[in-house]
Amino acid sequence: MNTIAIEEELDQLVADVTSGACTLHDFPFRVMEAFDASRNEVTKLRMKHPAGLAASDILWPKKLLFRAADAGQVQNTIEDLKASLIGKKGAASKNAPRFLMSTDGDEFLAVDIKTGETPSFDRLADLAVNYDFLLPMFGVERYKPAPETAADVRAARHMAKFHDAIRDANPTWGADQIHDLNIFMTRLLFCMFAEDTGIFSEKLFLNTLRREAREVDGSDTQRVIEDIFLSLDVADSEARRARGVRSQRIAGDFPYVNGGLFRDRTEVPVFNRRARRLLFEAAELQWDQIHADIFGSMIQAIIHTDMRADFGMHYTSVPNIMKVLEPLFLNSLREQLTLAGDNIKALEKLVGRIAHIRIFDPACGSGNFLIIAYRELRLIETEAFRRMRDVKRRGQLALADYQTGIRISSFYGVDPVDFACETAKLSLWISQYQMNRKLDEICSAPTPALPLSDAGSIVVGNALRADWLTICPPEDGAEILIIGNPPYLGRPKRTREQQRDMEIAFANENGVFGNLDYVAAWFARAADYAQKTGAEAAFVTTNSLFQGEQVPLLWPLINKKKAEYGFSYKPFKWSNSAAKNAGVICVIVSVRPISNKPKFIFGSEHKLAASNINPYLVDAPDIFVERHASAISRLPQIELGNAAKDGGHLMLSSDEAAKLCQDFPSSKTFIRPVFGAQEFIQGQTRYCLWIRDSDLAAAKAIPAIAERLRLTAAVRSASPKASTAASSAWPHRFNEVRHRDEAFLIIPRVSSERRPYLTVGFLPQNTVATDSAFAIYNPPTWVFSILSSTLHRVWTSAVGGRLKSDYRYSNTLVYNTFPIASLSDEQRSQLEDHALNILRVREPYIAGGKTIAWLYNPETLPADLVGAHRELDDFLETIYIGRPFKDDDERLGHLFKLYARMTKKVAKAA
DNA sequence: TATCCGACAATAG
DNA sequence: CTATTGTCGGATA
């Protein structure tokens with residue numbers, strides 16, 4: 001969808017309505033067409049609402065409810081529509097529309113039901129310019145700005161339109177010119193910002209455009225811009241003319257900018273009428289209200305058309321950035337400021353320290369971490385200056401001029417995206433200017449805005465392949481701090497290139513690291529850099545680095561570099577103000593050379609001093625659990641269930657199974673009940689085709705089964721995975737079979753973390769387990785007790801992986817590693833009694849139609865079931881330590897100790 | 001070759 | 001919405 005096309009269509013639509021060429025009845029269809037809705041849908045809807053029934057409402061299910069209004073009645077019509085939504089056909093119904101819309105041909109009103117928002121305009125004529133209000137109807141959510149960012153949003157949207165227009169006017173510009181286009185955009189942004197904030201004289205840029213770029217078709221705009229850009233790079237107006245500036249006026253008017261922004265001579269695109277108009281409009285915006293930190297990421301999302309769908313999704317919110325910066329260095333600086341009080345020596349020392357700080361973001365994007373870090377450092381420095389000035393003033397001493405010691409060249413960044421880097425540099429300049437103004441308030445001599453003295457040290461590159469020591473070279477006396485939110489990509493999500501990045505990043509380590517998340521490579525490099533330079537790093541990252549299988553992979557890397565985790569944040573859900581959020585649980589973790597500096601674990605409300613932060617980010621010794629292929633305790637073997645990989649064609653609902661049996665009674669022998677986590681926990685019944693090789697011919701004789709096998713084979717042969725494709729040769733079997741024809745104990749692979757116990761149960765022979773559950777075939781009854789115990793839940797939650805934040809069971813990580821004191825026959829037999837007791841308590845509830853989910857929901861959990869579990873826990877725990885444990889911390893502490901003893905694998909405590 | 005798990009995806013309430 | 005579990009490919013052993 002192209003913004004220009006939409007606007008033009010809507011402009012035309014408005015004209016047609018005004019001229020009468022388009023009836024109000026036809027209006028909503030034309031809107032749909034303008035937004036490129038599928039032709040099918042529009043036609044279908046048109047047929048449902050023929051023009052003869054003009055009085056009726058037009059409902060586009062889930063999207064739009066439209067009613068034409070009598071002149072002047074738009075507001076009332078919308079109220080009526082709102083009222084019509086109450087009741088059974090109301091907002092809760094499946095087809096409830098997202099938008100209400102009405103117009104009388106002059107006035108226009110719409111309501112976004114989801115957000116309650118109404119558009120900022122009320123004339124139909126303004127619809128085209130504000131088309132974005134309706135975007136959610138077409139699947140593109142709006143950016144929901146915090147109120148203070150309204151100016152940023154407006155500006156970013158406008159620049160997106162301008163960007164599209166320029167691309168339109170330069171159809172031959174391809175990948176080769178992307179860099180030039182990026183530079184062009186950032187330079188324009190600078191000019192517009194400069195003329196609104198006093199860097200240039202008031203509206204110098206816009207006035208120059210108005211005066212020189214007179215051709216309405218845009219044909220002379222390119223020349224004017226070229227002249228301006230060229231002038232800004234050269235100090236002297238004669239030299240400017242010599243360099244090729246054609247306009248004498250431009251050569252004379254513009255100041256010298258420098259700082260590298262205008263240094264390279266890049267191509268300026270040509271303009272057309274629309275691009276010229278949008279540029280003029282952009283220059284008229286209030287650029288002094290822009291937040292440099294947020295604006296960068298917004299502009300970036302908008303320029304990269306392919307990123308508009310998940311607009312700003314991965315942009316780190318300011319509160320989360322602060323969670324990185326504060327514990328890493330801001331708190332320490334602020335403390336130093338507080339302690340310094342009015343002591344000039346101490347304040348000077350602080351200012352000196354700040355000047356030696358280097359900030360490095362090895363995944364800087366458009367630089368919002370760097371910008372915020374810059375701003376916060378400047379604020380502290382400025383406050384120190386203010387205090388020094390006040391002291392001197394009181395002592396009637398000569399006031400000094402305070403020059404900031406913070407250079408933006410001390411802010412280092414790498415990012416693979418060229419435009420992001422340019423934006424980061426630009427944002428740093430803008431922040432520098434803004435912070436200089438703040439400092440000027442306390443200085444006797446204002447900091448001159450131009451020429452720009454230095455530039456941010458931002459380079460285009462791949463942080464996992466480049467040498468960090470080159471990008472951010474260590475200096476004597478410098479305090480280097482690494483920050484950022486590098487990309488997270490679990491194993492299934494990486495491209496070949498990213499896979500290669502990791503191989504390169506881990507080339508000097510021995511071991512295999514393919515199961516680590518992409519972001520782990522940043523941790524490894526940060527630990528390495530920290531070891532060589534003494535730097536400290538902190539990243540926002542996914543919690544999966546500190547759970548399950550990744551722990552034994554990541555921690556040794558960190559530990560080997562003589563590094564430790566300095567502080568961490570408890571897991572929190574990723575969120576920012578973008579409409580669509582990445583679904584991930586995050587933590588913030590710092591890495592630094594091993595020291596005896598204090599460590600902290602932050603929660604949402606509190607900060608806890610920790611004696612250690614272990615590989616799981618818990619205040620406990622540095623013990624971690626590795627995957628074990630077989631149980632370290634004397635437990636029977638556990639198996640993952642059977643993976644069908646059938647596209648669902650081997651699976652049958654109970655209806656389908658019944659029908660199949662009815663149609664073909666002989667199929668009965670090929671149908672078995674199948675259990676995954678859901679079937680067990682929610683008490684559902686599903687069936688699957690389970691055909692022995694020897695029965696294949698008989699099974700295929702049944703047409704309905706033959707058809708399912710054919711479909712299964714088709715799905716499998718389409719797989720990119722060789723072994724799956726190969727298994728299309730035997731579609732009557734599950735792809736991974738570990739089944740044994742015995743009764744088994746089922747353990748769901750994922751289950752809700754709200755439950756106080758893992759839910760396990762016995763299933764009869766003839767039943768099949770899917771790979772969403774584990775199975776212990778022919779199980780001794782006492783094992784049920786072990787798996788149902790609080791101890792086991794605690795262990796699972798500590799060392800297992802997670803799905804979001806829910807328990808994810810694992811044979812290699814949880815079951816096989818679970819340490820059990822050796823059990824006597826007598827103890828086993830008593831555990832068996834406890835197991836039977838729990839089953840006995842469950843029994844009447846299950847018989848009464850309750851599910852395991854209900855039984856173990858903390859809100860409905862029956863008291864007698866809790867009692868049965870408590871008796872079991874008390875008995876089992878007494879076997880461990882002679883009494884029940886006090887709490888989960890004690891349980892975990894003991895289990896870890898026991899694990900260490902049983903495996904003799906104790907990581908050396910820091 | 002068999003095994004195991006996930007910056008998610010889907011679906012039921 | 002909110003809560004909960006499902007599925008498959010790909011890396012590893």
Side-chain angles (χ1 to χ4, degrees), chain A residues 91-92 94 96 113-114 310 313-314 316 485-496 498-499 502-503 511-520 540-545 547-550 553 571 573-575 580-587 627-629 638-648 650-651 674-682 684 686 715-716 718-727 734-738 748-755 759 770-774 800-816 851-853 856-857 859:
Chain A
K94 209 170 77 201
I113 302 275
K114 187 174 155 198
D310 55 30
M313 189 162 88
H314 293 265
T316 317
N485 176 22
Y488 330 149
L489 292 167
R491 189 184 44 203
K493 296 280 166 186
R494 294 192 284 267
T495 64
R496 278 229 98 75
Q498 290 163 331
Q499 197 58 37
M502 290 186 76
E503 282 163 22
V512 196
F513 300 97
N515 280 346
L516 277 171
D517 192 286
Y518 193 48
V519 69
V540 183
T541 177
T542 164
N543 62 345
S544 46
L545 279 187
Q547 283 165 0
E549 64 171 354
Q550 303 209 32
L553 294 171
K573 256 181 97 169
W574 174 263
S575 81
K580 188 171 128 196
N581 270 199
V584 58
I585 312 276
C586 293
V587 291
R627 281 164 66 164
H628 285 259
I638 190 170
E639 311 270 4
L640 182 58
N642 306 284
K645 306 197 183 178
D646 61 338
L650 293 177
M651 299 294 173
V674 69
F675 276 77
Q678 186 169 300
E679 287 77 18
F680 172 65
I681 293 174
Q682 320 261 26
Q684 298 162 2
R686 250 168 115 208
V715 167
R716 288 187 185 167
S719 169
K721 181 175 164 172
S723 66
T724 304
S727 73
F734 277 30
N735 177 280
E736 288 176 26
V737 179
R738 284 169 284 263
R749 227 181 106 204
V750 282
S751 62
S752 166
E753 67 164 345
R754 295 174 62 235
R755 300 189 183 121
T759 52
T770 74
D771 68 341
S772 77
F774 288 94
R802 300 264 169 157
L803 196 173
K804 296 237 192 257
S805 59
D806 292 330
Y807 302 132
R808 180 166 235 152
Y809 201 76
S810 155
N811 48 357
T812 57
L813 281 164
V814 179
Y815 181 88
N816 289 344
T851 61
I852 293 287
Y856 286 90
N857 180 336
E859 277 146 36

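Below, chains carry the letters A, B, ... as their sequence lines are ordered, and counting in each starts from 1.
- Looking at DNA chain B, the stems built from 3 or more consecutive Watson-Crick or G-U wobble pairs, each pair with its key distances under 3.5 Å, are B:1-6 with C:8-13, B:8-13 with C:1-6.
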Between protein and nucleic acid, restricted to nucleotides 2-5 of chain C and to nitrogen or oxygen atoms under 3.5 Å apart, what atom pairs and distances do you find?
| unit_1 | atom_1 | unit_2 | atom_2 | d |
| --- | --- | --- | --- | --- |
| C:dT4 | OP1 | A:Arg754 | NH1 | 2.8 |
| C:dT4 | OP2 | A:Ser752 | OG | 3.4 |
| C:dT5 | OP1 | A:Arg755 | NH1 | 3.0 |
| C:dT5 | OP1 | A:Arg755 | NH2 | 2.8 |
| C:dT5 | OP2 | A:Ser752 | N | 2.9 |
| C:dT5 | O3' | A:Gln678 | N | 3.4 |
| C:dT5 | O3' | A:Gln678 | OE1 | 3.3 |

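- A:Arg749 places its CZ atom 8 Å from the P atom of B:dG6, with the value rounded to the nearest Å.
- The shortest non-hydrogen separation linking A:Pro571 to A:Ile585 is CB-CG2, 3.6 Å.
- The OH atom of A:Tyr488 sits 16 Å away from the P atom of B:dG6 (whole-angstrom rounding).
- As judged by a 4.0 angstrom heavy-atom cut-off over every strand, A:Thr770 is placed among residues making no nucleic acid contact.
- Side-chain nitrogen and oxygen atoms of A:Thr812 include at least one within less than 4.0 Å of the OP1 or OP2 phosphate oxygen of B:dC5.
- Distance NZ (A:Lys645) to P (B:dT3): 11 Å, rounded to an integer number of Å.
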Please lay out, stage by stage, how A:Arg627 and A:Asn515 fare under the test side chain to side chain contact (heavy atoms under 4.5 Å, CB included). CA-CA 12 Å; A:Arg627 281 164 66 164; A:Asn515 280 346; 3.9 Å; yes
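- A side-chain contact (heavy atoms from CB on, under 4.5 Å) with A:His628 is found for one member of A:Leu813, A:Asn811, A:Asn816 and no other, namely A:Asn816.
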Evaluate A:Glu679 against A:Arg686 for salt bridge (charged side-chain N to carboxylate O under 4.0 Å, His left out), listing each step before the verdict. CA-CA 7 Å; A:Glu679 287 77 18; A:Arg686 250 168 115 208; 2.8 Å; yes
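- OP1 or OP2 of B:dT3 lies within a sub-4.0 Å distance of a side-chain N or O belonging to A:Arg738.
- Computed from coordinates, the A:Arg686 CZ to B:dT11 C1' distance equals 12 Å when rounded to whole Å.
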Could you walk me through whether A:Thr759 and A:Phe680 pass the side chain to side chain contact (heavy atoms under 4.5 Å, CB included) check? CA-CA 9 Å; A:Thr759 52; A:Phe680 172 65; 4.2 Å; yes
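- DNA chain B is contacted by both A:Gln684 and A:Ile638; A:Ile638 maps to the nucleotide lying nearer its 5′ end (nearest heavy atom per residue).
- Straight-line distance from the CG atom of A:Leu553 to the P atom of B:dG6: 11 Å, rounded to whole Å.
- Side-chain to base pairing of A:Glu549 with B:dC4: no donor and acceptor N or O lie closer than 3.5 Å to each other.
- Taking atom CG on A:Asn811 and atom P on B:dC4, their separation rounds to 4 Å, with Å as the unit.
- Separating the OH atom of A:Tyr518 from the P atom of C:dG10 is a distance of 18 Å, rounded to the nearest angstrom.
- Among residues two or more places apart in sequence or in another chain, the side chain to side chain donor-acceptor pair (under 3.5 Å) test is passed with A:Gln682 by none.
- For A:Ser719, there are no side chain to side chain donor-acceptor pair (under 3.5 Å) partners at least two apart in sequence or on another chain.
- Across A:Asn735 and A:Thr724, no two heavy atoms sit closer than the pair ND2-CA, 3.7 Å.
- Look at the C1' atom in both B:dA7 and B:dT3: the space between them is 24 Å, to the nearest Å.
- Residues that satisfy the side chain to side chain donor-acceptor pair (under 3.5 Å) test with A:Tyr518, not counting sequence neighbours, are A:Asp501.
- Checking the phosphate oxygens (OP1, OP2) of C:dG9, a side-chain nitrogen or oxygen of A:Ser719 falls inside 4.0 Å.
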What verdict does the side chain to side chain contact (heavy atoms under 4.5 Å, CB included) test give for A:Phe734 and A:Asp646, after you've listed the backbone C-alpha separation in whole Å, the side-chain angles of each residue and the deciding distance to 0.1 Å? CA-CA 7 Å; A:Phe734 277 30; A:Asp646 61 338; 5.8 Å; no
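- Side-chain to base pairing of A:Arg808 with B:dG6: one donor and one acceptor N or O lie within less than 3.5 Å of each other.
- For A:Leu650 and C:dG6, the CG to P distance is 17 Å, given to the nearest whole Å.
- Closest non-hydrogen pair, A:Phe774 versus A:Arg749, comes out as CE1-CG, 3.0 Å.
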Quick test: give all pairs of protein nitrogen or oxygen and nucleotides 11-13 of chain C nitrogen or oxygen below 3.5 Å, distance rounded to 0.1 Å.
| unit_1 | atom_1 | unit_2 | atom_2 | d |
| --- | --- | --- | --- | --- |
| C:dT12 | OP1 | A:Gly514 | N | 2.6 |

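- In the model, A:Thr542 has no side-chain atom that pairs as donor or acceptor with a side-chain atom of A:Asp517 under 3.5 Å.
- Residue contacts for A:Pro487: at a heavy-atom cut-off of 4.0 Å it reaches a base atom on one of the strands shown.
- Checked by atom type and distance alone, the side chain of A:Arg738 never pairs as donor or acceptor with a backbone atom of A:Glu639 at under 3.5 Å.
- Spacing of C1' atoms, B:dC5 relative to C:dT5, comes out at 15 Å, to the nearest Å.
- Within 4.0 Å (heavy atoms only), A:Gly800 reaches no atom of the nucleic acid at all.
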